[in-house]
Amino acid sequence: MISRIDLRGAALPEGGALRDLLPRAEFDVEAALEKVRPICEDVHHRGTAALIEYAQKFDGVELSQVRVPAEALKSALDELDPAVRAALEESIRRARIVHREQRRTEHTTQVVPGGTVTEKWVPVERVGLYAPGGRSVYPSSVVMNVVPAQEAGVESIALASPPQRPAFEGDPAGGLPHPTILAACALLGVDEVYAAGGAQAVAMFAYGTEDCLPTNMVTGPGNVWVAAAKRYFTGKIGIDTEAGPTEIAVLADSTADPVHVAADLISQAEHDPLAAAVLVTDSEELAAAVERELEPQVAATKHVEDRIKPALAGKQSAIVLVDSLEDGLKVVDAYGAEHLEIQTADAAAWAARVRNAGAIFVGPWAPVSLGDYCAGSNHVLPTGGCACHSSGLSVQSFLRGIHIVDYTRDALAEVTHHVVTLAEAEDLPAHGAALKARFGWKVPQS
């Protein structure tokens, strides 16, 4: 059901050579880019009409309008299962606790007497958030996108999610995003919601349409078409990350419970046939026990043939055997997982040494599923090894740092000779002249 990669018996290679030995899903954003380009430009030129046409083509839904009516949001919340509402409210509460603490404050540094640099943090003015709605529906992603944007102080928030096919003729929910998505928006106070999916939703946010003003930034997970559209608009708008298929890596030793490890691998495999499930261990016994445990747990769950089995059997998933936990640490750092669980003796100490991961889950009582919903952390995380240079979504994602430089005449005079010297060293004499002009074209003596 899952393959093995045996890295025991020899020194591990360094850097890219080690990464090349590890499993990874194929996710060709560049190839998808050529296919989304005409879609994005069609939305640019035809606006809402193009969105309605693509809803018919890609989602099988006939739309009369793209913006979700306010009454549909209210109705979705009114009809939400009370248990689901309570769970969403708790998820929102915990996410707010964590993200509110991330808000940065203005700070002024006195560089010299009379010379200060202040860094102030300004939220992005308007953002477009994307909540997937294809294979599965993710109201949790609504929470994970909206809460940090709100806590950052973003004034204008719009959200898009694919329209759903009607469950029966005359279904009032047909053509709208999933009602649980709409209910989550209502709980969070987001009233600008659009029934749009894929690259066309990103294009709507980037270019704007008759109904939707353009945004400064787009965030949220999605499929390869969403990732390709984000790449297409990079430079025109801000993006969080080009999210690929989800990943879990588990660093475990002989103390780990194979029942827990198998369950956690399966929990991510159920997302998508390209989802990655990787166990890194120095214990042959644990590896064998997890392999045995996968069979009955997979058989007892849902989405087996279309998601879980192909995900576990795919080239992106494996059990990686290493000689020691030190080697295991090198492997997981080279892999840079979206989600990394540490299920070892003294798990907190090993977790503290990890350099590359989107989020780290410490010990047997912090599974990835907790982080997906109710840990308070954010689940919009870097994939495909991007954790070596990128972070998950946070309040900081929606803030811009601006430096305010304030110098007196004396403070400028004191440093002018250095500025002039550096300007002339770069053959940019006008830079120095901009200071000389303030002192009668003479360089003040320091």
Side-chain angles (χ1 to χ4, degrees), residues 1-8 12 18 21-24 246-271 275-298 300-301 308 311-312 316-379 381-383 385 387-388 392:
M1 182 174 291
I2 190 169
S3 64
R4 286 193 179 195
I5 298 173
D6 197 336
L7 299 182
R8 295 174 295 181
L12 293 177
L18 178 54
L21 296 176
L22 304 179
R24 188 75 74 185
T246 191
E247 305 160 344
I248 180 174
V250 182
L251 177 63
D253 62 13
S254 60
T255 67
D257 187 329
V259 175
H260 296 174
V261 174
D264 294 351
L265 296 175
I266 293 168
S267 74
Q268 292 304 296
E270 78 171 335
H271 275 286
V278 177
L279 168 61
V280 181
T281 183
D282 63 347
S283 171
E284 171 74 39
E285 292 74 20
L286 178 69
V290 170
E291 288 171 332
R292 290 192 299 270
E293 189 61 38
L294 285 173
E295 294 285 350
Q297 287 199 34
V298 168
T301 192
I308 294 174
L312 292 176
Q316 71 273 17
S317 299
I319 295 175
V320 181
L321 289 162
V322 292
D323 285 318
S324 66
L325 283 183
E326 287 291 343
D327 281 350
L329 184 63
K330 293 177 183 177
V331 168
V332 296
D333 267 339
Y335 185 72
E338 177 189 19
H339 310 96
L340 174 63
E341 290 186 356
I342 308 294
Q343 297 202 35
T344 65
D346 202 6
W350 286 103
R353 295 177 59 193
V354 173
R355 295 182 61 88
N356 301 329
I360 303 170
F361 300 82
V362 182
W365 310 115
V368 167
S369 298
L370 174 66
D372 283 342
Y373 299 111
C374 285
S377 58
N378 204 291
H379 79 200
L381 301 167
T383 61
C388 68

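Atoms considered below: every heavy atom in the structure, side chains included; atoms not considered: hydrogens, waters and symmetry mates.
- Contact annotation: the side chain of Leu279 approaches that of Val261 to within less than 4.5 Å [non-hydrogen atoms, C-beta and beyond].
- Between the side chain of Thr255 and the backbone N or O of Ala345, at least one donor-acceptor pair lies under 3.5 Å.
- Taking each heavy atom of Ser267 and His271 in turn, the nearest pair found is O-CD2, 4.0 Å.
- Across all non-hydrogen atoms, the minimal contact from Gly336 to Ala387 is O-CB, 3.6 Å.
- Residues Ile308 and Thr301 are in side-chain contact: their nearest non-hydrogen atoms beyond the backbone lie under 4.5 Å apart.
- Contact check for Asp323 versus Asp282: no side-chain heavy atoms found under the 4.5 Å cut-off.
- Closest approach of Gln268 and Ala275 over heavy atoms only: O-CB, 3.3 Å.
- For the atom pair CG (Leu312) and CD1 (Ile319), the distance works out to 9.5 Å, reported to the nearest 0.5 Å.
- Judged purely by atom type and a 3.5 angstrom limit, Glu338 uses its side chain to pair as donor or acceptor with the backbone of Glu247.
- Residue Arg355 qualifies as open at atom CZ: its count of foreign heavy atoms under 6.0 Å is 12 or below.
- Note that CE of Met1 and CD of Gln297 are 10.5 Å apart. Values are rounded to the nearest 0.5 Å.
- Of all heavy-atom pairs between Leu381 and Ala359, the closest is CD1-CB, 3.8 Å.
- In this structure, OG1 on Thr246 lies 10.5 Å from CD on Glu270, to the nearest 0.5 angstrom.
- No side-chain heavy atom of Ile342 sits under 4.5 Å from any side-chain heavy atom of Phe361.
- Residues Val322 and Thr281 form no side-chain contact, since every pair of their non-hydrogen atoms from C-beta on lies 4.5 Å or further apart.
- In terms of heavy-atom proximity, Ala334 sits nearest to Leu18 at CB-CD2, 3.6 Å.
- In this structure, CD in Glu285 is found 4.5 Å from OG in Ser283, a value given to the nearest 0.5 Å.
- Formation of a donor-acceptor pair under 3.5 Å by the His379 side chain with backbone atoms of Gly371 is not found in this model.
- Side-chain atoms of Asn356 come within 3.5 Å of backbone N or O of Asp333 as a donor-acceptor pair.
- Residues Ile360 and His339 are not in side-chain contact: their nearest non-hydrogen atoms beyond the backbone lie 4.5 Å or more apart.
- Between the Glu341 side chain and the Pro367 main chain, no donor and acceptor come within less than 3.5 Å of each other.
- Taking every heavy atom of both residues into account, Pro23 and Val278 meet most closely at CG-CG2, 3.7 Å.
- Here the side chains of Leu7 and Val320 are in contact, with some heavy-atom distance below 4.5 Å.
- Remark: side-chain polar atoms of Arg24 are paired, donor with acceptor, to backbone N or O of Tyr335 under 3.5 angstrom.
- In terms of modelled atom types and a separation under 3.5 Å, the side chain of Ser317 and the main chain of Ala276 share no donor-acceptor contact.
- For the pair Leu321 and Val331, the minimum side-chain heavy-atom distance is 4.5 Å or more.
- Arg353 contributes atom CZ, which lies 9.5 Å from atom NZ of Lys330 (distance to the nearest 0.5 angstrom).
- In this structure, CG on Asp253 lies 5.0 Å from CG on Leu325, to the nearest 0.5 angstrom.
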task = Would you please test Asp264 and Gln343 for side-chain hydrogen bond (donor to acceptor under 3.5 Å, both in side chains) and show each step?
result = CA-CA 11 Å; Asp264 294 351; Gln343 297 202 35; 3.2 Å; yes

